Amino acid sequence: MPELVVQLTRVGFLVLLWLFVFAALRVVRSDLYAASGLRVAVPTFGRKKKESKKPRGGKSPQQLLVTHGALAGTRIALDGRPILIGRADDSTLVLDDDYASTRHARIALRGEDWYVEDLGSTNGTYLDRAKVTAPLRVPLGVPIRIGKTVIELRP
């Protein structure tokens, strides 16, 4: 009987070890997939593009401001180029945050509006309190949370 218990314990430990290895590989794969920038095109099937809403008071965003986190007070001028956010050294906003992925999110101009897009991050990107699962329009002053960092678009 003790020999059977030892063998079952060994098999159980081996199964747990392989589950851990597969979980680690899944996280690495998702970070690499997000870093490659590959995206799946989704057909629109004749849907009409919605008219973009003008910001209140005619003000348009001019800067990105970090309001909370290690980089609080950091400002990035909005010049029309996409802003990459993550731990990667070549990101526009480099976050030293354990809850941020290498390529975490992108804020990009589409027409006259700025949109936030999660790039397959592990812990997610939040616009106000809603998890970003597709590109979402970012209104002025609405917080975008990535890990412990909170950023906003400001005039």
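In this text, all values refer to a predicted model and were calculated from it rather than measured experimentally.
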Original post:
Roughly how far, to the nearest 0.5 Å, is CZ of Arg145 from CD of Glu152?
Top reply: 13.5 Å
Original post:
Are Leu14 and Val21 connected in a single hydrophobic cluster, I mean Ile/Leu/Val/Met/Phe/Trp/Tyr linked by side-chain heavy atoms less than 4.5 Å apart?
Top reply: yes
Original post:
Does Leu136 share a hydrophobic cluster with Val142, counting links as ILVMFWY side-chain heavy atoms below 4.5 Å and allowing steps through other members?
Top reply: yes
**OP:** Would you check if the side chain of His104 reaches a backbone N or O of Gly124 as a donor-acceptor pair within less than 3.5 Å?
**Re:** yes
Original post:
In Å, rounded to the nearest 0.5 Å, how long is the span from CD1 of Ile107 to CD1 of Ile83?
Top reply: 5.5 Å
**OP:** Any chance you could measure Asn123, atom CG, to Lys131, atom NZ, to the nearest 0.5 Å?
**Re:** 8.0 Å
Original post:
What do you reckon, is CG of Asp98 surrounded by more than 12 foreign heavy atoms closer than 6.0 Å?
Top reply: no
**OP:** Could you tell me the separation between the CZ atom of Arg103 and the CG atom of Leu119, rounded to the nearest 0.5 Å?
**Re:** 8.5 Å
Original post:
Can you tell me how far CZ of Arg154 sits from CD of Gln63, rounded to the nearest 0.5 angstrom?
Top reply: 8.0 Å
Subject >> Closest non-hydrogen atom pair, Leu153 against Trp114 >> reply: CD1-CB, 3.6 Å
**OP:** Would you mind reporting whether Leu93 and Leu84 have side-chain heavy atoms less than 4.5 Å apart?
**Re:** no
**OP:** Can you establish whether the number of heavy atoms outside Asp90 located under 6.0 Å from its atom CG is more than 12?
**Re:** yes
**OP:** Write down the atom of Ser101, the atom of Thr122, and the distance for their closest heavy-atom approach.
**Re:** OG-N, 3.1 Å
**OP:** Check whether any side-chain N or O of Asp128 sits under 3.5 Å from a backbone N or O of Ala130 as a donor-acceptor pair, and report yes or no.
**Re:** no
**OP:** Let me see the working for Gln7 and Thr9 under side chain to side chain donor-acceptor pair (under 3.5 Å), right down to the final yes or no.
**Re:** CA-CA 5 Å; Gln7 288 298 338; Thr9 304; over 6 Å; no
Original post:
Among the clusters formed by ILVMFWY side chains lying less than 4.5 Å apart, do Tyr126 and Leu95 turn up in the same one?
Top reply: no
**OP:** Say whether Ile151 and Leu109 are linked into one hydrophobic cluster, either directly or through other cluster members, by side-chain heavy-atom distances under 4.5 angstrom.
**Re:** yes
Subject >> Validation row: Pro135, Arg110 side chains within 4.5 angstrom (heavy atoms) >> reply: yes
Original post:
So do Gln62 and Leu140 actually touch side chain to side chain, heavy atoms under 4.5 Å?
Top reply: no
Original post:
Under the 3.5 angstrom rule, does the side chain of Asp118 hit a backbone N or O of Val132 as a donor-acceptor pair?
Top reply: no
Original post:
Is there a chain of hydrophobic side chains (I, L, V, M, F, W, Y, each step under 4.5 Å between heavy atoms) that links Leu78 to Val66?
Top reply: yes
Original post:
Just wondering, more than 12 heavy atoms not from Asp96 lying within 6.0 Å of its CG?
Top reply: no
Original post:
Atom CD1 of Ile146 and atom CG of Leu127: how far apart are they, to the nearest 0.5 Å?
Top reply: 10.5 Å
Original post:
For the residue pair Arg87 and Ala100, what are the closest heavy atoms and their distance?
Top reply: NH1-O, 3.0 Å
Original post:
Between Tyr115 and Arg137, what is the shortest heavy-atom contact and its length?
Top reply: CD2-N, 3.2 Å
